[in-house]
Amino acid sequence: MKISKLLKKFFIVGVILYISVTFINQQKSINAYNNQQAVLRNRIKEQNEYKQTLLATKENISSPEYIEELAREKLDMYLPNEKVYIDVNK
């Protein structure tokens with residue numbers, strides 16, 4: 001009789017320990033997934049912003065202002081009789 005009560009107590013303590021360890025491990029996994037979800041949401045937000053800039057560029061790509069800006073920045077081309085000042089500190 002005494003051994004039976006002792007085995008029941010050990011079994012109950014074992015079950016409680018198992019449940020506690022399982023709960024802690026699941027909470028760690030949930031936290032890791034939440035962190036990963038936050039990172040992925042941030043990346044989605046960044047990609048949507050980049051998409052918007054690409055769409056805006058797509059709309060303006062044929063405009064004379066954009067072509068002129070691109071020629072100035074990328075090709076170092078300027079209008080005739082235009083004075084260009086170069087910063088020697090750069």
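One is the number of the first residue; the rest follow in order along the sequence.
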Q) Between atom CD of Gln37 and atom CG of Asn34, what is the distance when rounded to the nearest 0.5 Å? A) 6.0 Å
Q) Say you draw a straight line from OG1 of Thr57 to CD of Gln52; how long is it, rounded to the nearest 0.5 Å? A) 11.0 Å
Q. In Å, rounded to the nearest 0.5 Å, how long is the span from CG of Leu70 to CD1 of Ile61?
A. 8.0 Å
Q) Does the Asn60 side chain pair with the main chain of Ala56, one donor and one acceptor, at a distance under 3.5 Å? A) yes
Q) How far apart are the C-alpha atoms of Ile67 and Ser63, what are their side-chain angles, what is the distance that settles it, and do they pass the side chain to side chain contact (heavy atoms under 4.5 Å, CB included) test? A) CA-CA 6 Å; Ile67 294 171; Ser63 71; over 6 Å; no
**Q.** Distance (rounded to the nearest 0.5 Å) between Ile19 CD1 and Thr22 OG1
**A.** 7.5 Å
**Q.** Pairwise side-chain contact, Val39 with Asn35, heavy-atom cut-off 4.5 Å (strictly under)
**A.** no
Q) How far does CD of Glu49 sit from CG of Leu54, to the nearest 0.5 angstrom? A) 12.0 Å
**Q.** Spatial distance of atom OG1 (Thr53) from atom NZ (Lys51) [nearest 0.5 Å]
**A.** 11.5 Å
**Q.** Over 12 foreign heavy atoms within 6.0 Å of CD1, Ile3
**A.** no
Q) Any side-chain heavy-atom pair from Asn25 and Ser29 closer than 4.5 angstrom? A) no
